[in-house]
Amino acid sequence: KATVSVLYWRRRVVVGRVSHTQKKKMSIAIGKRVKPNVDDTLEEEENGLLKHPVGTPTSHPIHSDIDRKEVVTNLGVCCLTLFNFPYGCICTTMGMFVLPAEAVRLFPENESFALGCFLLSVGVSQLICPYIGLVSDKCTSPLGRRRPFIIGGTIASLFLVAVMQWCSVHYYKWGFGAALFAAMFSLNTVYSAQCGLVPDLVPESKQGLASGTVAAMQLAGSFSGFIGVMMSKDRDIHLAYPLYQILLSVTVVIICACCQEVPEFTKTPPTMKEIVKSYTIDTTKDADFFWVFVSRAFFYAAVSCQAFMLFYIRDVVGTKDIAEARKQMATIALIGQFTAACVAYPVGQLSDLSLGRKSLIYLACCVMAFVYICFITMPLVFSASRLISSVYFISSVYGVGNGCYLAVDYALALDVLPSKATSCQDLGVWGIAAFLGSSIGPMVYGTVLEVVGKREGVDEYYYNGYVVMLLLGCLACGASGFFVRFVKGSR
């Protein structure tokens with residue numbers, strides 16, 4: 001006798017022993033609807049050879065070899081992660097150019113406070129990600145688990161971006177603020193749902209590649225956004241809104257056309273207890289995921305030093321003209337983003353092969369700390385005329401470190417997910433780590449500059465304030481690398 005596997009219907013797996021004379025008959029039934037021989041399968045089920053009882057549908061598409069349509073080509077992975085391009089473009093240009101300009105237009109008397117409120121609403125909107133992830137994981141739509149939220153969130157985003165533009169043109173400032181919050185809420189709904197496509201459809205052997213692709217897409221989007229702003233700096237700021245709509249529409253159409261999700265019909269709606277639990281991490285069962293969360297929060301706290309780069313250029317480099325300082329800052333950002341985008345994709349592939357994830361995290365943290373040390377020492381070594389050139393060069397080194405981290409950041413999270421069945425929910429929690437680090441870091445650094453470096457009577461800070469701030473950034477880099485060493489589920 002020989003043992004053969006017979007695929008039964010779409011979601012059922014039957015493993016049975018058949019005689020040599022039956023093999024020919026059974027071979028033509030593969031992939032067709034065949035009534036299982038329960039007597040033949042009882043022995044296999046008792047021996048633990050069946051993962052599911054005979055005739056029972058599986059609870060998740062990754063358990064079915066028939067249903068799961070894995071994306072194994074590089075082009076397919078790029079299509080699944082394409083949303084990160086407009087997401088990176090929108091977040092970068094919105095935070096650094098569009099919202100500051102709108103704050104000046106709509107709140108000329110309290111522009112700094114208004115900008116702070118705008119950025120706060122953008123950050124708070126990210127807290128919806130775990131909830132959207134939970135609901136997405138339990139979605140039973142015929143379109144699949146992710147596409148309904150991607151499509152619905154995109155439609156809402158397109159409408160709300162148009163509302164933002166209309167409110168801005170007609171100077172409805174409070175309406176603009178409300179539309180901004182709702183638009184970012186919708187955009188993060190799409191982001192949270194599309195994050196689940198990689199663990200659903202990409203095999204584990206390709207997830208390092210997927211992580212590098214995600215980073216490259218985000219960085220390429222940011223880089224393109226910077227280029228677009230520099231090319232259209234003399235045009236109306238409202239030109240950005242229809243460009244956002246075009247980017248979102250095109251990318252979402254490509255994503256939905258490429259991902260072949262299989263509907264789930266055995267899920268139940270989330271309960272209130274599950275919703276509350278979706279914002280927590282079980283440190284006993286999911287210790288690896290917890291340490292990845294902590295390490296990521298510290299890393300984003302470290303990189304938030306760049307929020308004060310404009311002040312560093314003004315006070316340390318010595319560029320007093322604000323227009324020139326902004327131009328230099330844009331150049332620094334472009335160099336860093338371009339270098340990181342070039343590094344991220346190949347490093348993501350290498351993490352699948354030999355380097356692993358944690359070693360690249362260590363490398364990224366060391367490079368970032370080295371860059372901050374250079375920012376401290378360069379004013380003591382180089383003359384004022386050569387200082388900005390050295391800052392440009394060290395920005396490329398910064399891009400290498402940032403690119404290495406972003407290349408494996410997503411892959412490391414996928415390696416230690418608490419459950420494949422709740423991947424989107426868990427990635428939503430993982431996303432909050434960046435929000436916490438990016439929120440707490442600037443608060444700490446701003447306080448340090450005010451306490452240690454504030455000059456009386458002028459809007460400038462002493463060099464000593466930047467020294468303390470950058471040293472704290474080095475400590476945050478070290479903490480990020482230190483905590484990731486406790487992760488055991490990834491190499």
Side-chain angles (χ1 to χ4, degrees), residues 83-132 149-195 218 221-222 224-226 228-229 232-233 235-249 251-252 300 304 307 333 428 431-432 434-440 442-443:
F83 180 77
N84 291 277
F85 182 90
Y87 190 76
C89 179
I90 291 171
C91 290
T92 299
T93 56
M94 186 80 74
M96 298 191 69
F97 300 101
V98 175
L99 293 183
E102 294 290 11
V104 172
R105 289 185 72 256
L106 301 176
F107 298 88
E109 297 179 355
N110 299 290
E111 58 189 49
S112 60
F113 179 76
L115 179 58
C117 291
F118 287 163
L119 295 176
L120 178 64
S121 66
V122 171
V124 170
S125 68
Q126 296 180 19
L127 296 177
I128 196 61
C129 291
Y131 173 74
I132 295 298
F149 295 91
I150 294 174
I151 296 171
T154 300
I155 293 173
S157 297
L158 296 177
F159 171 74
L160 290 165
V161 167
V163 173
M164 287 174 60
Q165 182 179 3
W166 187 86
C167 290
S168 175
V169 170
H170 293 85
Y171 288 90
Y172 289 110
K173 52 187 179 182
W174 301 112
F176 178 86
L180 171 65
F181 178 77
M184 296 309 299
F185 179 97
S186 302
L187 192 66
N188 282 308
T189 296
V190 182
Y191 177 76
S192 180
Q194 66 88 35
C195 279
Q218 287 185 347
S222 299
S224 301
F226 277 121
V229 168
S232 60
K233 61 181 179 180
R235 298 188 179 183
D236 187 359
I237 194 67
H238 298 106
L239 180 64
Y241 297 108
L243 293 178
Y244 293 160
Q245 292 173 314
I246 293 171
L247 274 176
L248 285 174
S249 301
T251 54
V252 168
Y300 275 88
S304 63
I432 292 178
F435 164 67
L436 290 177
S438 300
S439 301
I440 296 174
M443 292 173 57

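Heavy atoms only: backbone and side chains are in, while hydrogens, waters and symmetry mates are out. We count residues from 1, following the sequence as given.
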Between [atom1] on residue [X] and [atom2] on residue [Y], distance to nearest 0.5 Å:
| X | Y | atom1 | atom2 | value |
| --- | --- | --- | --- | --- |
| Phe83 | Leu187 | CZ | CG | 4.5 Å |
| Ile132 | Tyr191 | CD1 | OH | 14.5 Å |
| Asn84 | Cys195 | CG | SG | 6.5 Å |
| Gln165 | Gln245 | CD | CD | 7.0 Å |
| Ser249 | Leu158 | OG | CG | 4.0 Å |
| Met443 | Ser438 | CE | OG | 13.0 Å |

Whether Ser192 side chain and Thr189 backbone form a donor-acceptor pair below 3.5 Å: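 No, Ser192 side chain to Thr189 backbone: no donor-acceptor pair under 3.5 Å.
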Test log, rule side-chain contact (heavy atoms from CB on, under 4.5 Å), inputs Leu243 and Leu247: CA-CA 6 Å; Leu243 293 178; Leu247 274 176; 5.7 Å; no
For the residue pair [X] and [Y], establish whether any side-chain heavy-atom pair is separated by less than 4.5 Å.
| X | Y | value |
| --- | --- | --- |
| Cys91 | Gln218 | no |
| Ser224 | Phe85 | yes |
| Val163 | Phe159 | yes |
| Tyr171 | Leu106 | yes |
| Met184 | Leu180 | yes |

Phe107 and Phe118 aromatic ring geometry - parallel, tilted or perpendicular at 30°/60° bounds: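 If you compare the ring of Phe118 with that of Phe107, the planes turn out perpendicular.
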Residue pair Thr93 / Tyr244, side-chain donor-acceptor N/O under 3.5 Å: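 The criterion, which ignores hydrogens and geometry beyond distance, is satisfied for Tyr244 and Thr93.
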Member of Asn188, Leu248, Thr251 meeting the side chain to side chain contact (heavy atoms under 4.5 Å, CB included) criterion with Tyr87: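 Result: among Asn188, Leu248, Thr251, Asn188 is the only option passing the side chain to side chain contact (heavy atoms under 4.5 Å, CB included) with Tyr87.
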Heavy-atom pair with the smallest gap, counting every atom of [X] and [Y]:
| X | Y | result |
| --- | --- | --- |
| Ala103 | Ala114 | CB-CB, 4.2 Å |
| Ser186 | Ser157 | CB-OG, 3.2 Å |
| Ile432 | Pro130 | CD1-CG, 3.5 Å |
| Cys167 | Gly175 | SG-C, 3.7 Å |
| Ser168 | Phe176 | CB-CD1, 4.1 Å |
| Gly437 | Ser304 | O-OG, 4.1 Å |

Phe435 atom CZ, over 12 foreign heavy atoms within 6.0 Å: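 Yes, because the 6.0 Å sphere around CZ of Phe435 holds more than 12 heavy atoms from other groups.
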Within 6.0 angstrom of Tyr241 OH, more than 12 heavy atoms from elsewhere: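 Yes, the 6.0 Å shell around OH holds more than 12 heavy atoms from other groups.
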Residues His238, Glu102; criterion side-chain contact (heavy atoms from CB on, under 4.5 Å); working and verdict: CA-CA 9 Å; His238 298 106; Glu102 294 290 11; 3.9 Å; yes
